[in-house]
Protein chains: 2
Amino acid sequence: MRSRLIKFSTSICNQPSLPRIIIHMNCTKCKIKAVIKLPRHNAAFCKDCFNGFVMDQVLKAIRSQDMFTKEDRLLVAVSGGKDSLALWDILLKLGYRTDALYVNLGIENYSESSHKKVSHFAETVATAYGSVVHVHTVEREEGAGIRELAMIVHRPTCSICGTIKRYQFNRAAIQQGYDVMATGHNLDDEAARLLGNVLHWQDEYLEKQGPSLPASLDGFAKKVKPLYRLTERELAAYCVLNRIEYVVEECPMAQGARTLLYKEVLNKLETESPGTKHMFYWGFLEKQRKTETSVSMMDKDRSTLHPCSLCGQPTTAETCSYCKLMARAKVSTSL
Amino acid sequence: MRSRLIKFSTSICNQPSLPRIIIHMNCTKCKIKAVIKLPRHNAAFCKDCFNGFVMDQVLKAIRSQDMFTKEDRLLVAVSGGKDSLALWDILLKLGYRTDALYVNLGIENYSESSHKKVSHFAETVATAYGSVVHVHTVEREEGAGIRELAMIVHRPTCSICGTIKRYQFNRAAIQQGYDVMATGHNLDDEAARLLGNVLHWQDEYLEKQGPSLPASLDGFAKKVKPLYRLTERELAAYCVLNRIEYVVEECPMAQGARTLLYKEVLNKLETESPGTKHMFYWGFLEKQRKTETSVSMMDKDRSTLHPCSLCGQPTTAETCSYCKLMARAKVSTSL
């Protein structure tokens, strides 16, 4: 166990507060030797109790935010990274009817190795639960990889990636009759996004940020983030301890992204004062709950969204951003 | 000039974004050789144009926040540090009727050297304007230095310091008929305080945070922060360029204070993305202005504050926190 955690702490995620190798601590719950320390919970756990803690956090998220029930059909967006594969694994183990969607972005080595991790998980774990993975290949469906599309339309790659993923994920959920779409966003992702929105006082984004966004109208699937109570570090530990193989590298396109900077400063604050991230994000959710923003957001969505003139998916403009993107790409090339 | 700025950049303030020695840049305004670069304004200035920029920022702060007029009598709280001495200097040069209050906290070497800097400035600069400095010595008036008082009542030193300074500053202003109290809080101070309040979603503190707090009722002087548009780095540069001698060390009691951590992470964000601090703080002020919080805060103050039963200063309790502190100290000792 020690050697695995040493490898883990030096290679898997580049946070300052890496999982610590516990030699002299016992599990807070069952008192056997602990394998991970969680400063923000003032606790340490052995493997089994840590898995129990993770399941418990996900169940609390699902129930407290009315995300879904055992009757719902779920579609998880998987990238091959630790968060989305952990989410798929956890939902299956908890007995939820879960399939997955993988979007192959066509980024050479990165897409190839992430696709392999997804296929490996599907074959070795998911199949036994009767769970399947749908694959959307950008190069085949959109005519070029996202790097090429970004160059063609002169927009940042991450922006193109977001447009395509959101569109295809929603389309797959609606067309194939899934009740809820789930993503692997964790506490670090949500706190970093919140910090960015607060630093720029982005009221509209602040209103829309939450772990459970209702299906505000036909054509928009409900979106949930069942991992919002768990950190990157905890999810990396979950994968390592449960032998889930995942792509360790960040997407090469995300280098230098603002989110990574926000995560870095939040990690600095967390190290000095454990619990900062969850107080920050949960305090925000509590504040949001008091002002009942989700209701007004749903009303706002209903009044501003209507079907795209080309594809029929909901949009605030006449043509949705995906159709605009594809139209621009077609004009510029012979796609 | 070069050697002075080299000394400045290595010793005066420990921010990552220190004033840079400009060798190849010219002043954005008058085109002679620049001495300081201001990335957040995408500008570089010579000494005279930099002084003009500083005065301009302070005037904008005074006017946009209706802080005071040339008829008002101002009392500046001076600590011997760069911000408060720069503020005293700037207000005198701008022609405002300004005196100062120095609170000697009784922290051995630190208080001694800061007192010296204040006296030196008073003699060499302020006297020529007819400006005086009032001195409040904690050891003489409260019977012990703040470090001892903190030990006697088992409270953090910074908390005792805050209680005494706020109380004595307000008392001096009211008793001696000053219209407005001014403090040297700069953009870094305000952004760090805002970050702390936002991370913990401290609604009450968020409501009360602003560069101009009105005299909500009798016994409470108006409080303003005319330096909120200038950074620590800019104020350190102002002092160096204008030969204002100030205490370089942080107060030894403030080591490890949470505010320093918030400043550190904001500096990290500012280095990567110049302008982050002012967008964050000014965006907050704009949001606050739209919701007209200052009015509701004034109403709230009026409904909750009344005179302290012992000293008559405004308080929300029967006895104000200063009188409570002194009563506890007297019980514990023979002060």
Side-chain angles (χ1 to χ4, degrees), chain A residues 14-17 40 156 187-188 190-207 209-210 231 254-293 296, chain B residues 14-17 40 156 187-188 190-207 209-210 231 254-293 296:
Chain A
N14 52 358
Q15 296 183 59
S17 57
R40 75 185 174 110
L187 179 56
D188 294 70
E190 293 304 290
R193 189 177 161 194
L194 179 59
L195 181 61
N197 286 339
V198 161
L199 283 172
H200 299 92
W201 297 103
Q202 305 265 39
D203 280 346
E204 203 184 333
Y205 293 131
L206 280 169
E207 266 181 38
Q209 181 165 6
T231 64
Q255 294 299 322
R258 197 56 53 87
T259 310
L260 298 182
L261 176 63
Y262 296 149
K263 284 187 179 175
E264 191 184 333
V265 304
L266 284 167
N267 280 334
K268 169 86 184 153
L269 294 169
E270 181 76 22
T271 305
E272 300 288 333
S273 184
T276 299
K277 283 180 214 168
H278 85 229
M279 280 190 295
F280 178 45
Y281 187 56
W282 297 355
F284 165 74
L285 293 181
E286 182 59 21
K287 191 177 158 74
Q288 200 183 44
R289 195 185 57 76
K290 281 183 193 158
T291 51
E292 292 179 12
T293 317
S296 64
Chain B
N14 52 1
Q15 294 184 61
S17 56
R40 75 184 174 112
L187 179 56
D188 294 71
E190 294 303 291
R193 190 178 161 196
L194 179 59
L195 181 60
N197 287 338
V198 162
L199 283 173
H200 299 91
W201 297 103
Q202 306 264 39
D203 281 345
E204 202 184 334
Y205 292 130
L206 280 168
E207 265 183 36
Q209 180 165 5
T231 64
Q255 294 299 322
R258 198 56 53 87
T259 311
L260 298 182
L261 175 63
Y262 296 149
K263 284 186 179 175
E264 192 184 331
V265 304
L266 284 167
N267 281 333
K268 168 85 184 153
L269 295 169
E270 182 76 22
T271 305
E272 300 288 333
S273 183
T276 299
K277 285 180 212 168
H278 86 229
M279 279 191 295
F280 177 45
Y281 187 56
W282 298 355
F284 165 75
L285 293 181
E286 182 59 20
K287 191 177 158 72
Q288 200 183 44
R289 195 185 59 74
K290 281 184 193 158
T291 52
E292 293 179 11
T293 317
S296 64

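Convention: sequence-line order gives letters A, B, ...; per-chain numbering from 1.
In this pair, A:Trp201 and B:Phe284 present their aromatic rings tilted. The plane angle is within the 30 to 60° band.
The shortest side-chain heavy-atom distance between A:Leu195 and B:Leu195 falls under the 4.5 Å cut-off.
Not counting sequence neighbours, B:Arg193 has no partner by the side chain to side chain donor-acceptor pair (under 3.5 Å) test.
How far CG of A:Leu266 is from CG of B:Leu199: 7.0 Å, rounded to the nearest 0.5 Å.
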